[in-house]
Amino acid sequence: MTPALPTHRSFALGEFKVTTLLAGSTPREDPHSIFGLNVSDEEFSRVSQEAFLPEDMAQFFFTPTLVDTGAERILFDTGLNAGGITNALAAAGYTPSDITHVVLTHMHGDHIGGLMKDGTPTFANASYVTGQVEYDHWAGAANDGFEGNVRPLADKMTFLSDGGSVRSGITAMLAAGHTPGHMVYMVESGGKQLLLMADTANHYVYSLAHPDWEVRFDMDKAAAAATRRRLFDMASADRIPLIGYHMPFPGLGYVETRGEGYHFVPHSYQLMG
Ligand SMILES: [Zn+2]
């Protein structure tokens, strides 16, 4: 059977309304072919078992985030296809034409897939924001996804560098490794902070407890591990809530240090007040 899952979760962050949107979810076989490329089968089995996880299957989640500032509706990433994100937005009470800005954290297919449907932009009224380094990388890479979904939108795109702002209170931080120009975003309103960590970690156990485990999708594996340690040290020390694009839905939680690595603490009700 296909499991039924909720597809949106909203909470207030200061003056902003933040909604995580489940644009898709799928099981993947043989997770050790993706996570822990540099550890043995025995080590992978032991870590899986200790975390109550099957070792032959991992469930993947694809979770764009919408930040509604009142004046703007800013969508971070778009899922695998237009249908997934459109359905999740509808369930949360939004239409694609409500979206004023689409921010692309990086340009893997599961983040840019919802930008277009049959060559027509999904978000008719949106302008686009992405990292300059990321755009330049894919623009020179002869990549079908980029050519079909991103390059046609380039004239409506603004390009950020490390520390650049989408608008006041939404700041880009270069978090390279997963891709050359992968960016995460610090969202701040009313004295509250939230880190949109995108694909800094692609699994809540394998990449948190073991940040140095190599991940197939990380283009520069050493840089990705260093980025995990830098951002998780910050998030744990400052006790900042974060949203991870591939964390189990709703993708929201906290990070604490544990042993040589980290531990993902799912949100329960901390941000409901
Ligand atoms: Zn991804």
Side-chain angles (χ1 to χ4, degrees), residues 5 7 9 19-37 57-67 74-85 88 102-116 122 128-131 133-135 137-138 141 143-146 148-150 172-185 195-208 210-211 213-221 223-225 227-228 231-232 235 242-253 255 264:
L5 285 169
T7 57
R9 177 75 181 262
T19 303
T20 66
L21 298 155
L22 185 64
S25 182
T26 183
R28 291 285 294 268
E29 290 180 356
D30 192 12
H32 192 196
S33 70
I34 301 170
F35 302 103
L37 302 184
M57 191 280 281
Q59 186 74 24
F60 275 52
F61 302 85
F62 304 92
T63 310
T65 295
L66 178 66
V67 176
I74 305 167
L75 180 66
F76 292 81
D77 293 328
T78 68
L80 293 152
N81 52 58
I85 185 61
V102 177
V103 179
L104 300 172
T105 63
H106 65 295
M107 298 189 182
H108 277 157
D110 56 319
H111 297 254
I112 64 172
L115 285 170
M116 295 273 192
T122 306
Y128 302 85
V129 180
T130 195
V133 173
E134 186 71 3
Y135 185 90
H137 170 78
W138 294 101
N143 176 273
D144 288 347
F146 176 89
N149 282 14
V150 179
M173 300 163 64
L174 186 62
H178 183 67
T179 60
H182 178 254
M183 278 180 148
V184 301
Y185 287 84
L195 178 65
L196 305 182
M197 74 158 171
D199 282 26
T200 298
N202 280 358
H203 191 281
Y204 80 103
V205 172
Y206 303 137
S207 295
L208 269 287
H210 302 280
W213 277 20
E214 292 181 0
V215 179
R216 195 169 87 208
F217 307 134
D218 289 343
M219 292 172 69
D220 181 334
K221 293 174 181 27
T227 289
R228 280 192 276 280
L231 289 180
F232 295 152
L242 50 79
I243 292 171
Y245 191 82
H246 295 294
M247 297 297 102
F249 192 77
L252 175 62
V255 169
F264 184 67

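Just so it is clear, the values below take in all heavy atoms, side chains as well, and ignore hydrogens, waters and symmetry mates. As the structure lists them, so they are numbered: ligands from 1, and atoms in each ligand from 1.
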Donor-acceptor pair between His108 and Asp199 side chains, under 3.5 angstrom: no

Just by modelled atom types, is the Gly145 backbone N or O under 3.5 Å from a matching donor or acceptor in the Asn143 side chain? yes

Closest to the Zn ion (ligand 1), among the N/O/S atoms of His246, is atom NE2

Please name the atom of His111, limited to N, O or S, that comes nearest to the Zn ion (ligand 1). NE2

Under 3.5 Å: donor-acceptor pair, side chain of Ser25, backbone of Phe60: yes

Please determine whether ring pair (Phe, Tyr, Trp, His ring centres under 6.0 Å) holds for the pair His203 and Phe35, giving the CA-CA distance in whole Å, both sets of side-chain angles, and the decisive distance to 0.1 Å. CA-CA 8 Å; His203 191 281; Phe35 302 103; 5.3 Å; yes

Closest N/O/S atom of Asp110 to the Zn ion (ligand 1), by atom name? OD2

The atom of Asp199 among N, O or S that is nearest the Zn ion (ligand 1) is OD2

